[in-house]
S.K.: 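Got a structure here, written out as structure tokens. Questions coming.
Side-chain atoms are counted along with the backbone in the values below, which use heavy atoms only and exclude waters and symmetry mates. This one's a predicted model, so the numbers in the text were calculated from it and none came from an experiment.
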Amino acid sequence: MLASMRHEKFHYHTLDEVKAKAQELGVRLPFANDTHVLAEPVKVRSFLIHNRLGIAPMEGADSTADGRPTDYTIRRYCNEAKGGAGIIWYEAVSLVEEGRSSKTQLLLTSRTLDDFKRMNEQVKETGLKANGFEPLLVMQANHSGRYSNPGNVPHPLIAQRNAWLETFRPASDCDIVTDDYLQSMEEKFGEGALLAKEAGFDAVDIKSCHGYLFQEVIAAYDRPGMYGGSYENRTRLLKNSIKAAKVYEDDRFMVTARIGIYDGYPAASRGFGQAPDGSIDLAEPKRLVRELHQQLGLDLLDITMGNPYATTHVTRPFDAGKYPPDEHPFEGLARMIDGVGEMKKTVPDVVIYGSAPSYLRQFSDLYAAGAVEQGYCDGMLFGRMAFADPSFSNEIIHEGRINPNHVCLTCGKCGDLIRSHKPTGCVIRDHETFMPFYRQFLEEKKHLPANFRG
């Protein structure tokens, strides 16, 4: 009953209605009167990002079996470049076969390097021709860990047992990776940074968020050995991988990270950014971002929260999803932007991007502008919105507001496509392309056991 009372679908027609609901809930969401601040450039080292709007990492599930980008992949990123975003933070790209989320997840190796290089050349050329500038391209290097699914067969690689997470993805003691394996990943992520540089990316993100391997290690409070227990041990994998990647930094290439600062798990399955009682505690995330900047020299970060498999509402508030949360979506948005703001206060010299604005639909642009104006962040990454409306940046910058007829409706259908390993995009706004895949998903779902239907 609590869930059905707290959670509701978006039904607001004016910004005043949104503000009134937020006030009723006792949360604060930043809004600006106009969007002019989002057209301003931002400088990171020698890189000029031409506006404050960006594309968040959203897997397209459309690679070849060996991890090469396909026409669907290239189409998606060229559309986003044409749409005018200053930065395109690519989807999760695996560096090892066993760490792929599916047989349709991108995989960067020496064998697939030339395909990535050709794609990035095309993406940059598209942005330059359409808007007069090349978007900054960030490659998100990832290991799926507990959610590894190479060949579309689950093969979890976990940091430690977690009974609650195992209700979503079963695992056993034999799935716990060794310290030697984790140490080998440090070298592999360094090699991945070099490949990303050779592929024409401007930056590589050493990803630690959303319940994947690096994030699970950083919350491995009960793991013995050099990668568990103490804060120093739990952050070792991330920090050493960043150090290995930074060998390849120069004035044309930098290292960054997308950091999950709060997992949102129950107390018994304590995640990162949580006190032993399960409540939010940002002391360690603040320490981490401070050290990433002061000790390792990272000047660009994206901040996020949650686990899309287990705490989806924390990662991206929604109207329709796998379960009804026991909070209003505005409460989730407020938690996210407050956390982003806390990181910005901790490292004011770092360029910080925020996450998860799409739930606010036609008001997401004023929300992003308000977040920048009020000092929560320096820019905002849009994920689901980029599937629905890849031209949202140009609409905001050149027309002043996002087109309300193009916005994401947070219906969750793109998530269904990703989880079913089908080419992913907006089933509503680009139905000719993606509705056939969604119909396939619905037909296949009928034949799945009930606990796999999501």
S.K.: Would you call Asp202 and Lys124 a salt bridge, using N to O less than 4.0 angstrom?
M.R.: yes
S.K.: Please identify each residue that fulfils side chain to side chain contact (heavy atoms under 4.5 Å, CB included) with Thr312, with sequence neighbours left out.
M.R.: Arg316, Phe318, Lys322, Tyr323
S.K.: Does Arg401 form a salt bridge (charged side-chain N to carboxylate O under 4.0 Å, His left out) with Asp365? I'd like the steps, not just the answer.
M.R.: CA-CA 7 Å; Arg401 294 297 308 279; Asp365 52 357; 2.7 Å; yes
S.K.: Could you work out, with side chain to side chain contact (heavy atoms under 4.5 Å, CB included) as the rule, every residue matching Thr346, not counting sequence neighbours?
M.R.: Lys286, Val289, Arg290
S.K.: Only one of Gln105, Arg76, Lys422 passes side-chain hydrogen bond (donor to acceptor under 3.5 Å, both in side chains) with Asp62; say which it is.
M.R.: Arg76
S.K.: May I have the step-by-step check of salt bridge (charged side-chain N to carboxylate O under 4.0 Å, His left out) for Arg236 and Glu186, ending in yes or no?
M.R.: CA-CA 9 Å; Arg236 188 187 308 276; Glu186 297 171 4; over 6 Å; no
S.K.: For His36, give me all partners under side-chain hydrogen bond (donor to acceptor under 3.5 Å, both in side chains), at least two apart in sequence or on another chain.
M.R.: Asp34
S.K.: What are the two closest non-hydrogen atoms of Tyr353 and Val42, and how far apart are they?
M.R.: OH-CG1, 3.8 Å
S.K.: Which residues satisfy the side chain to side chain contact (heavy atoms under 4.5 Å, CB included) test with Asn33, sequence neighbours excluded?
M.R.: none
S.K.: List the residues meeting ring pair (Phe, Tyr, Trp, His ring centres under 6.0 Å) with Tyr438, not counting sequence neighbours, and say none if there are none.
M.R.: Phe441
S.K.: Checking Phe387 now: which residues fulfil ring pair (Phe, Tyr, Trp, His ring centres under 6.0 Å) with it, not counting sequence neighbours?
M.R.: none
S.K.: Which pairs count as ring pair (Phe, Tyr, Trp, His ring centres under 6.0 Å) when at least one residue sits in residues 406-430, sequence neighbours excluded?
M.R.: none
S.K.: Quick check: closest heavy atoms across Ser241 and Met185, and the distance to 0.1 Å?
M.R.: OG-O, 4.2 Å
S.K.: Ion pair present between Glu284 and Arg287, side-chain N to carboxylate O less than 4.0 angstrom?
M.R.: no
S.K.: Checking Tyr12 now: which residues fulfil ring pair (Phe, Tyr, Trp, His ring centres under 6.0 Å) with it, not counting sequence neighbours?
M.R.: Phe10, Phe330
S.K.: What residues form a side chain to side chain contact (heavy atoms under 4.5 Å, CB included) with Ala257, not counting sequence neighbours?
M.R.: Asp205, Ile259, Leu298, Leu301
S.K.: Should Lys117 and Glu198 count as an ion pair when the cut-off is N to O under 4.0 Å?
M.R.: no
S.K.: Which residue, Asp263, Thr304, Asn307, forms the side-chain hydrogen bond (donor to acceptor under 3.5 Å, both in side chains) with His210?
M.R.: Thr304
S.K.: Suppose we screen for ring pair (Phe, Tyr, Trp, His ring centres under 6.0 Å). Which residues come up paired with Tyr72, at least two apart in sequence or across chains?
M.R.: Phe437
S.K.: Could you tell me which residues satisfy side-chain hydrogen bond (donor to acceptor under 3.5 Å, both in side chains) with Arg169, sequence neighbours excluded, listed by chain and number?
M.R.: none
S.K.: Keeping to residues at least two apart or across chains, list the side-chain hydrogen bond (donor to acceptor under 3.5 Å, both in side chains) pairs with something in residues 380-393.
M.R.: none
